[in-house]
Amino acid sequence: MSMQALKIGIVGGGVGGLAAANALHQAGHDVQVYEQSRQYLRVGADINLTPNAVRALDGLGGVGGGIAQAVRASAARPTHRISRTWDNGAETSRLAMGEQAERRYGAPQLTIHRADLLAALAEAFPAERVHFAKRADSIAQDADGVTVRFTDHTETTRLDALVGADGIHSVVRNALYGGESPRFTGVVAFRAVVPTERVRNVPDIAAFTKWWGPTSESQIVTFPLNQGRDTFVFATTAQDSWHEESWTSEGSVEELRGFYADFHPDARALLDACDSVLKTALYERDPLAQWSQGRITLMGDACHPMMPFMAQGAGMAIEDGVVLARCLSAARSGADVPAALARYDALRQERTGRIQVGSRGNNWLREGGNADWVYGYDAWQVPVAA
């Protein structure tokens, strides 16, 4: 029996939402995306796409030969993944990436600005199917369908399935499981981008390098951007509280340098090159035992927000989108949607939960170890038949 095209609404047009939208559209479904912002702007952090995420993107079509090809055009390719000790600079692990990762995992590691990744995903998806300035207000479902009402008093047509890809503040999550505020983790992050010319003398500047600090909250991570023309600096440290109204604010370069004054000279040289910095509070939510109810499901940060220490937040959302699309495409009719969403839920929970725990502990690959269970995952090959 052939697959029935489903009417699917996605609340949230970020990286995960657009990855899911492209995968579902590619499979022949009628997909509409509802994004609360008024337009896509060049905002957000820089993203590390490890081979598992790039391989998931490689399966998506799009203009100009595919989404992943567009991403490759602006991304950088780190040569290695290196761990160094904060005070003496000792190298404790080195994992070859680049061509060797592509041979081993079927895809390279790419580092890219979030806006460039989002642009590649948006370019491949029909623009008329992305509806801006749409913030979900209420959601109603019964055995036969789902309807979303927005704060502008409009509402969706009847949907066969609804996907909450609306991030850590997810309205869809709250509609399913009740209101719960994200918790401050006691960790803040500093982000900066510097021209690579300024830090050419830092060893392995073309690699993804993680400087492990004296505590699990303390680290400095750097990797190349914009085909290596720039270098991204990401540093975290403990902080007792956060009193800013926004999660992100202008930071102080002097404060940044002060936190890492005892780090190795190579690490300090990276911070000395920073002219300005953004400071961000890191938040988390409790893991959910269940992501789906009836015809509604969650993905990405809406159901498994994670600390950045394994660099898998975007990757997990992209994987979610692919596996979700494949599960829904295995449904023979609209009546099979709840079972398909339950299957997606079951397929993704163990992996994302393990990575959530690992990210919180911040010890993965500190002194080597096997990256295959993370980087070797192929979202297109996961068996989705019940």
Side-chain angles (χ1 to χ4, degrees), residues 12 14-17 19-20 44-45 47-53 55-56 81 83 109 114 163-170 172-174 176-178 180-189 208 210 212 215-219 221 234 236 238 247 280-293 297-324 327 341-366 369-379 382:
V15 169
I47 291 176
N48 176 24
L49 295 172
T50 49
N52 50 301
R55 194 164 51 256
R81 189 196 189 283
S83 293
Q109 178 187 22
R114 179 182 182 275
V163 181
D166 48 342
I168 196 169
H169 288 295
S170 175
V172 180
R173 173 177 172 144
N174 288 347
L176 291 179
Y177 301 111
E180 174 211 345
S181 297
R183 294 186 306 275
F184 176 51
T185 60
V187 179
V188 295
F208 176 104
K210 181 169 181 174
W212 296 81
T215 68
S216 62
E217 298 87 3
S218 178
Q219 64 166 15
V221 170
F234 176 80
T236 64
W247 286 14
T280 304
L282 301 183
Y283 282 76
E284 65 181 353
R285 300 183 87 160
D286 290 330
L288 287 173
Q290 181 179 345
W291 299 352
S292 306
Q293 284 190 14
T297 196
L298 303 170
M299 63 174 294
D301 283 352
C303 53
H304 52 70
M306 55 188 63
M307 297 289 277
F309 299 132
M310 287 178 67
Q312 288 299 312
M316 291 303 100
I318 294 166
E319 287 182 4
D320 284 350
V322 170
V323 175
L324 171 62
C327 286
L341 295 183
R343 178 65 174 158
Y344 152 73
D345 196 318
L347 287 171
R348 293 295 297 161
Q349 284 250 7
E350 181 180 356
R351 175 168 170 81
T352 59
R354 185 178 176 188
I355 290 176
Q356 265 188 298
V357 171
S359 296
R360 187 176 297 172
N362 190 23
N363 200 42
W364 186 63
L365 296 183
R366 181 168 189 160
N370 192 334
D372 291 358
W373 72 274
V374 177
Y375 296 166
Y377 180 92
D378 189 343
V382 175

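Keep in mind that what you see is a predicted model, and the values were worked out from it rather than measured.
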Contact check, side chains of Val221 and Phe309, non-hydrogen atoms, under 4.5 Å: no

Leu282 versus Pro308, closest heavy-atom pair with distance: CD1-CD, 3.8 Å

Ile355 CD1 to Met316 CE distance, which is reported to the nearest 0.5 Å: 3.5 Å

Short side-chain to backbone donor-acceptor contact, Ser216 and Asn362, under 3.5 Å: no

Salt-bridge present (Arg173, Asp166; N to O < 4.0 Å): no

Interatomic spacing from OG in Ser181 to CD1 in Ile168 - rounded to 0.5 Å: 10.5 Å

Taking every non-hydrogen atom, the tightest pair across Gly164 and Ala302: O-CB, 3.5 Å

Donor-acceptor contact present, side-chain Arg55 to main-chain Tyr377, <3.5 Å: yes

Residues which pass side chain to side chain donor-acceptor pair (under 3.5 Å) with Asp378, listed by chain and number, not counting sequence neighbours: none

Validation row: Lys210, Arg366 side chains within 4.5 angstrom (heavy atoms): no

Shortest non-hydrogen contact from Gly17 toward Ala165: CA-CB, 3.7 Å

Note, Gln349 side chain near His304 side chain (heavy atom, < 4.5 Å): no

Closest non-hydrogen atom pair between Leu365 and Ser83, with its separation: O-OG, 3.1 Å

Beyond-backbone contact of Leu288 with Leu176, side-chain heavy atoms, under 4.5 angstrom: no

Atom pair CG (Leu298) and OG (Ser170), whose distance is rounded to the nearest 0.5 Å: 5.5 Å

Tyr344 side chain vs Trp291 backbone, donor-acceptor pair below 3.5 Å: no

Exercise: identify the closest heavy-atom pair between Tyr177 and Gln290: OH-O, 2.8 Å

Side-chain (Arg285) to main-chain (Asp301) donor-acceptor, under 3.5 angstrom: no

Close side-chain approach of Met299 and Thr352, heavy atoms under 4.5 Å: no

Validation row: Pro305, Tyr283 side chains within 4.5 angstrom (heavy atoms): no

Under 3.5 Å side-chain donor-acceptor pair for Asn48 and Gln109: yes

Partners passing side chain to side chain donor-acceptor pair (under 3.5 Å) against Gln312 (at least two apart in sequence or in another chain): Thr50, Asn52

Distance-minimising heavy-atom pair for Ile318 and Ala56: CG2-CB, 3.7 Å

Pairwise distance CE(Met306) to CD(Gln356) - rounded to 0.5 angstrom: 5.0 Å

Side-chain heavy-atom pair Leu341, Leu324 within 4.5 angstrom cut-off: yes

Worked verdict on Phe234 versus Gln219 for side chain to side chain contact (heavy atoms under 4.5 Å, CB included): CA-CA 8 Å; Phe234 176 80; Gln219 64 166 15; 3.5 Å; yes

Thr185 OG1 to Glu284 CD distance, which is reported to the nearest 0.5 Å: 6.0 Å

Stepwise side chain to side chain contact (heavy atoms under 4.5 Å, CB included) test for His169 and Asn174: CA-CA 8 Å; His169 288 295; Asn174 288 347; over 6 Å; no

Rounded distance [0.5 Å steps], OG in Ser359 versus CZ in Arg354: 12.0 Å

Set of ring pair (Phe, Tyr, Trp, His ring centres under 6.0 Å) partners for Phe208, sequence neighbours left out: Phe223

